[in-house]
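Working notes, beginning with the structure itself.
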Amino acid sequence: MSDFFDKITVSAPVKVNLHLAVKDKRPDGFHNLESVFLAVDFGDTLHFQPNLENITEITVHGINFDIPMEKNIIFKAISLFKEKTGINQGFKVYVEKRIPLGGGLGGGSSDAAAALLALNKIADFPCSRETMLEMAASLGSDVPFFIHQTPAAWVTGRGEIIQPFEIPNLFLVLVSPGFPSDTAAAFRLLDAHRDTHTEISISSFSSVSFVPPCLREMKFEKDGFFNDFLPVFLEKEKAVYNKIISQLQEQGAVFSSLSGAGSTCFGVFEREEQAQKAAQTLRGSWDFVEFCRSGYVPLIA
């Protein structure tokens with residue numbers, strides 16, 4: 001690895017869960033999942049520069065990110081990479097933070113993956129893809145998806161089993177209700193709900209060898225996409241989510257749902273101008289509304 005590099009800029013795009021079925025609880029405490037992940041062209045941007053003092057410094061601009069350094073997933077990713085490779089280099093990281101915290105968009109996971117990919121390039125690629133995926137899985141369940149740098153994937157296991165596939169161009173509107181959702185708390189709600197309800201959702205897609213028909217033909221209503229978390233939230237949160245989802249449908253979304261364990265809702269539109277108009281209308285009701293497109297976004301600029 002060169003001891004000196006000018007700067008490297010990395011994009012950290014978000015994902016939405018078009019489909020999210022939470023299956024059985026595993027011996028390790030995690031749940032098995034079946035999900036369709038879709039990457040979109042909105043997210044954070046990370047800038048890496050060398051630090052001659054040989055320490056890691058992270059500066060965040062944008063959304064409030066008051067998290068202690070040792071709990072910052074970017075810091076964890078850098079520390080893990082340095083431990084794995086033995087490199088002795090300090091870094092200054094400047095983060096343009098746009099992704100809402102606790103939004104179900106995989107923002108922290110994407111930041112971690114972006115950091116791993118950036119450092120692997122800076123260090124002249126000492127880590128194989130397999131090693132990168134192992135590090136990613138140890139950092140968080142959503143991180144491996146972003147390492148694959150794919151526009152869409154069928155995701156199983158606890159999030160580490162990725163089956164990429166291509167999709168047509170889609171246009172999305174993301175809407176945050178203005179409050180975060182705690183993933184661990186959402187899983188506790190789901191487990192409590194299932195203690196008193198025997199049904200466990202069965203995914204509509206049992207094979208990973210094909211692109212779900214709704215992504216080929218834009219017929220979402222016939223293909224049974226759902227999010228297992230949406231029915232189990234407390235009435236206050238559920239009412240807000242359902243309100244946003246209904247508003248997206250009223251604006252012409254062919255499909256709308258909740259991403260991850262909340263709190264961001266999204267709508268999928270067939271036409272770009274329709275999505276742009278919907279975003280403009282919804283900005284009158286919600287502080288965070290983003291128009292975006294589906295597809296792979298090159299992480300390394």
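Numbering of residues begins at 1 and proceeds along the displayed sequence.
Counting heavy-atom neighbours within 6.0 Å of Gln276 CD, excluding the residue itself, gives a total above 12. Within a 6.0 Å sphere centred on CD of Glu53, other residues, nucleotides and ligands contribute 12 heavy atoms or fewer. With a 6.0 Å radius and a threshold of 12 heavy atoms from other residues, nucleotides or ligands, Asp287 has its CG atom at or below the threshold.
By the 30° and 60° cut-offs, the orientation of the rings of Phe48 relative to Phe91 is perpendicular. Taking the six-membered ring where tryptophan is involved, the planes of Trp154 and His19 are essentially parallel, since the angle between them stays under 30° and well short of 60°.
Between atom CD1 of residue Ile58 and atom CD1 of residue Ile74 there is a gap of 5.5 Å, rounded to the nearest 0.5 Å. In this structure, CZ on Phe291 lies 9.5 Å from CD on Glu273, to the nearest 0.5 angstrom. With rounding to the nearest 0.5 angstrom, the CG atom of Leu18 is 9.0 Å from the OG atom of Ser294. With rounding to the nearest 0.5 Å, the separation of CZ in Phe266 from CG in Leu172 is 7.0 Å. Atom CG of Leu170 sits about 12.0 Å away from atom CZ of Phe269, to the nearest 0.5 Å. In this structure, Glu270 CD and Asn169 CG are separated by 13.0 Å, a value rounded to the nearest 0.5 Å.
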Asn88 and Asn54: side-chain hydrogen bond (donor to acceptor under 3.5 Å, both in side chains), yes or no, with the steps?
CA-CA 7 Å; Asn88 187 26; Asn54 200 27; 2.8 Å; yes
Step by step, would you call Leu133 with His148 a side-chain contact (heavy atoms from CB on, under 4.5 Å)?
CA-CA 8 Å; Leu133 288 170; His148 275 269; 3.8 Å; yes
Would Lys121 and Val10 count as a side-chain contact (heavy atoms from CB on, under 4.5 Å) here? Give the steps.
CA-CA 11 Å; Lys121 180 175 181 178; Val10 197; over 6 Å; no
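Using a 4.5 Å cut-off on side-chain heavy atoms (C-beta onward), Cys127 and Thr85 make contact. Between Val175 and Tyr241 there is no side-chain heavy-atom pair separated by less than 4.5 Å. A heavy-atom distance below 4.5 Å is not found between the side chains of Asn51 and Thr56. The shortest distance between side-chain heavy atoms of Leu117 and Met132 falls below 4.5 Å. Looking only at side-chain heavy atoms (C-beta outward), Ser110 and Pro13 come within less than 4.5 Å of each other. When side chains are defined from C-beta on, Asp228 counts as touching Arg194, because their heavy atoms get closer than 4.5 Å. Under the 4.5 Å side-chain criterion, counting only non-hydrogen atoms from C-beta, Leu116 is in contact with Ile147. Side-chain atoms of Val173 and Val289, non-hydrogen and from C-beta on, do get closer than 4.5 Å to each other.
Contacts of Ser256 classified as side chain to side chain donor-acceptor pair (under 3.5 Å), with partners at least two apart in sequence or in another chain: Gln249. With sequence neighbours left out, Lys238 forms a side chain to side chain donor-acceptor pair (under 3.5 Å) with Glu235. Every residue two or more places apart in sequence or in another chain that forms a side chain to side chain donor-acceptor pair (under 3.5 Å) with Arg158 is listed here: Ser141. Under the side chain to side chain donor-acceptor pair (under 3.5 Å) criterion, Thr131 pairs with Ser128, not counting sequence neighbours.
Within the structure, no pair that satisfies the salt bridge (charged side-chain N to carboxylate O under 4.0 Å, His left out) test touches residues 244-269, not counting sequence neighbours. Note on residues 73-96: pairs passing salt bridge (charged side-chain N to carboxylate O under 4.0 Å, His left out), not counting sequence neighbours, are Glu96-Arg98.
Aromatic rings of Phe42 and Phe288 (six-membered ring for Trp) have centroids within the 6.0 Å cut-off, being under it. With ring centers used as reference points, Phe145 lies under 6.0 Å from Phe37.
In this structure, Ser259 and Leu105 approach most closely via the heavy-atom pair OG-CD2, 4.0 Å. Smallest separation of non-hydrogen atoms from Lys15 and Gly106: CE-N, 3.8 Å. Closest of all the heavy-atom pairs between Ser138 and Leu80 is OG-CD2, 3.4 Å.
Under the side chain to side chain contact (heavy atoms under 4.5 Å, CB included) rule, His47 has a single partner from Val93, Ile8, Thr9, which is Thr9.
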